[in-house]
Amino acid sequence: MRFDEFAKRAARVESLSGDHEKTEEVAGLLREADATPVVARFVQGRVFPAWDDTKLDVGPSLVYDAVALAGGTDADEVERRVAERGDVGEVAAEVGTGGQQTFGSTEQTVEGVQEALRGIAEGSGEGSEEKKKRELANLFMDASSASAKYLARLVLGEMRLGVGEGTVRDAVAEAFGVDVTLVERGIMVTNDTGEVAEVARDGGDEALADLEMRLGRPVKPMLAQSSTTENLFADLGADEAVVGWKYDGARLQIHVGDETRLFSRSLEDLTDSLPDVVEKVEEDTEEDVILDAEVVAVGDDGPLPFQDVLRRIRRKYRVEEMRDEVGLEVHVFDVLYDDGAVIDEPLSERRDRLSRLVDGIRGRSAVVSDIDGVLEERRAALDAGHEGVMVKNPGSAYTPGSRGGDWLKLKPEPETLDLAVTGGEWGEGRRASFVGSYLLSARTDDGYATVGKVATGITDERLESLTSRFKELIIAEDGKEIEFAPEVVFEVGYEEIQRSPVYSSGYALRFPRFVGVRDDKAPEDSDSVEKIERLYAQDEGDGR
DNA sequence: GTTCCCCGATATC
DNA sequence: ATCTGACACATTCGG
DNA sequence: CCGAATGTGTCAGATGATATCGGGGAAC
């Protein structure tokens, strides 16, 4: 299939609004394309399957350069236009064709594009960035304007077609007349919609059924939903619950076979950066199992901030030194494979199984039958400096990648601060015509110091009214960045205060969200850096 | 010619 | 991570 | 009893802080 044809079809998918229509359109595309696996990935904005460690290493900046090179402008001009239009794709489409004519006429195929991108991904070493730019620019020059649009989006991983894994799953089933459940299982096990589409096309239901969970091949971890103490048992739909401590670390899927492999939440192989974890696991476990766990950083006085975990995972250099500086603890809380997949067993059985398989590195959990039991565990977890608890349905299976009501997380109510808005940034995509995020500052003795930004928690309607209000307060603009006169105060919710190497106050909010405008407050009445300092110190004292 | 720093990309939450 | 919004589908409400 | 209103689940998209790695280029 020519990439140009793919681009036209993609445009059609994008224009549809109903899920069913989209699914049908994607199904048609999969059926007609000879390069089924490639198309199945491209349609989701993926070039490589999730398990593939190949990275394009191409981001917005490099794309602007390449588009500029192809279109004979400069990167600043491209960036300016992207800020205006809110979409790289559209700018690429315009620039590459001078607004009118198709530049090249090379019949680039979908597979050809994939090959070219693989080539780009593989480049490294001196001069490689320049080479990437040139190769990308060549792709743009060979592309029609429709192609350029989707090519730009593809390399950035944002197709914006409204198509995700669920749509592709249904489309594969429809396109090749196979069972959706088998497709879903296949995707779960392979983590590659491309491969599953091909298997479905060539071998039907039978071939799909042969795909199985295997040691060394990671599976997406099961996810949780947020809940509240009031709704907990109703959300769970059970009268008993398995309550486990929730640790502030990184998710780890541990495969113990001939060798031990560690995978992250997004299926990245983390083994080489965590030799101490491998040792601990091998001391405590038997072979041929897959475990689900969380790693946390620990010091002499209990758990360390999440930032310390980040200093360990994915590290390539000075791994041995760091292992002494930032200690790690593993807390295993589930088992997915024990000489064969056990994900369909109910949690209560897997929990028993787990207690037979591991001992020292098992995370703490208890079975309770009322909210008081849950709160008791949460108190204990918080006192020990951890994040809260996970509450799980004892009868539930392990459903990889899904965020159903079987696992619930219970975090403390978010704290709130009143902060002055001193800046902002123009948005992208559907926020293109709005200020998409706001810079927050806390009071100091002689002015304001920044503590982070907020962007989430704002309704579309509010986004619009805020934008017109803040337009009046613009002092300066630089690219997409805006400076505002400090007049408006936002109430902002957050999870935690952390030390910041970036913001001038020296602190930043973790998971900030917009709660409301404090029209009753002037910026001089906003919260101070001193208060933030105090809150930070207090958190530290609270057993962490 | 080396070393150091900046910044973009990619990952964690 | 967080949040909003769009849609599909199931359940309840109101006449 | 039927159509409208309401609730629930799933998905997509737009955005937060932060750490490391790698390439490029300035400083030495």
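Please read all numbers here as calculations on a predicted model, not as lab measurements. Quick note on labels: first sequence line is chain A, next is B, and so on, each numbered from 1.
Within 4.0 Å (heavy atoms only), A/Arg318 reaches no atom of the nucleic acid at all. The residue A/Tyr317 sits close only to the backbone: its heavy atoms come under 4.0 Å of sugar-phosphate atoms, none of a base. No contact: A/Lys132 has no heavy atom under 4.0 Å from any strand. No contact: A/Gly493 has no heavy atom under 4.0 Å from any strand. Here A/Leu161 lies in heavy-atom contact (under 4.0 Å) with sugar-phosphate atoms only. Across all strands shown, A/Val163 has heavy atoms under 4.0 Å from sugar-phosphate atoms exclusively, and none from any base. Within the nucleic acid shown, A/Glu130 comes within 4.0 Å of sugar-phosphate atoms alone, with no base atom in reach, counting heavy atoms only. In this structure, A/Arg499 reaches the sugar-phosphate backbone alone: every heavy-atom distance under 4.0 Å involves primed, P, OP1 or OP2 atoms, never a base.
Separating the NE2 atom in A/His331 from the CD1 atom in A/Ile361 is a distance of 10.0 Å, to the nearest 0.5 Å. In this structure, A/Arg499 CZ and A/Ile497 CD1 are separated by 11.0 Å, a value rounded to the nearest 0.5 Å.
A/Asp248 and A/Glu294 get closest at one heavy-atom pair: C-OE2, 4.3 Å. Residues A/Ile254 and A/Ala293 come closest through the heavy atom pair CD1-CB, 4.0 Å.
When the C1' atom of D/dA17 is taken as reference, atom CG of A/Leu439 falls 13 Å away, rounded to whole Å. With rounding to whole Å, A/Tyr438 atom OH is found 17 Å from D/dA14 atom P. Atom CG in A/Leu156 sits roughly 14 Å away from atom P in D/dG13 (whole-Å rounding). Counting to the nearest Å, the P atom of D/dA19 and the CG atom of A/Leu304 are 13 Å from each other. Distance, A/Lys220 NZ to D/dT10 C1': 14 Å, rounded to whole Å. In this structure, A/Asp170 atom CG and D/dT10 atom C1' are separated by 11 Å, rounded to whole Å. The distance between atom CD of A/Glu14 and atom C1' of D/dG13, rounded to the nearest whole Å, is 12 Å. A/Ile497 has its CD1 atom 16 Å from the C1' atom of D/dT18, to the nearest Å.
Qualifying ring pair (Phe, Tyr, Trp, His ring centres under 6.0 Å) partners for A/Phe484, counting only residues two or more places apart in sequence or in other chains: A/Phe470. Partners of A/Ser128 by side-chain contact (heavy atoms from CB on, under 4.5 Å), not counting sequence neighbours: none found.
Residue order along DNA chain D, read from the 5' end via each residue's closest nucleotide, puts A/Gly405 first among A/Gly405 and A/Arg160. The nearest heavy atom of DNA chain D to A/Gln225 and to A/Arg315 marks one nucleotide each, and the one closer to the 5' end goes with A/Gln225.
No side-chain N or O of A/Glu77 forms a donor-acceptor pair with one of A/Tyr64 less than 3.5 Å apart. No hydrogens or angles considered: a donor-acceptor pair under 3.5 Å links the side chains of A/Asp292 and A/Tyr398.
Here the options are A/Ser264, A/Pro221, A/Ser266, the test is side-chain contact (heavy atoms from CB on, under 4.5 Å), and the partner is A/Arg251; only A/Pro221 passes.
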Inset, instruction - Give the intermediate values and the outcome of salt bridge (Lys or Arg N to Asp or Glu O under 4.0 Å) for residues A/Glu25 and A/Arg9. - result: CA-CA 8 Å; A/Glu25 193 65 26; A/Arg9 302 294 219 101; 3.7 Å; yes
Inset, instruction - Any chance you could lay out the salt bridge (Lys or Arg N to Asp or Glu O under 4.0 Å) test for A/Arg153 and A/Asp87, step after step, and finish with the verdict? - result: CA-CA 9 Å; A/Arg153 290 184 179 181; A/Asp87 179 45; 2.9 Å; yes
Legend entry - Derivation and outcome, salt bridge (Lys or Arg N to Asp or Glu O under 4.0 Å), residues A/Asp272 and A/Arg315: CA-CA 8 Å; A/Asp272 293 344; A/Arg315 172 172 287 281; over 6 Å; no
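Between A/Thr456 and the phosphate of D/dA14, there is no side-chain N or O to OP1/OP2 separation shorter than 4.0 Å. Residue A/Gln307 places at least one side-chain N or O under 4.0 Å from the OP1 or OP2 atom of D/dA19.
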Provide a list of protein-nucleic acid N or O atom pairs under 3.5 angstrom, restricted to nucleotides 6-12 of chain C.
{"from": "C/dC7", "atom 1": "OP1", "to": "A/Ser17", "atom 2": "OG", "distance (Å)": "3.4"}

Any protein N or O atoms within reach of nucleotides 26-28 of chain D? Criterion: under 3.5 Å, listing atom names and distances.
none

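The shortest side-chain heavy-atom distance between A/Val113 and A/Leu151 falls under the 4.5 Å cut-off. Side-chain contact between A/Leu328 and A/Arg312 is present, with at least one heavy-atom pair separated by less than 4.5 Å.
Closest to the side chain of A/Arg430, from the set C/dT4, D/dT15, D/dG16, is C/dT4. Taking only side-chain atoms of A/Lys316, from C-beta outward, the nucleotide of D/dT18, D/dG22, D/dT15 with the closest atom is D/dG22.
Taking the six-membered ring for Trp, A/Tyr536 and A/Tyr507 have ring centres closer than 6.0 Å.
The stretch residues 116-129 of chain A touches DNA chain D through A/Ser124, A/Gly125, A/Glu126, A/Gly127, A/Ser128, A/Glu129, each having a heavy atom under 4.0 angstrom from the strand.
With salt bridges taken as basic N to acidic carboxylate O contacts below 4.0 Å, one links A/Asp52 and A/Arg118.
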Legend entry - Per-nucleotide protein contact string for nucleotides 2-13 of chain B, where B marks a base within reach and S marks sugar-phosphate only (heavy atoms under 4.0 Å, - for neither): ------SSBSBB
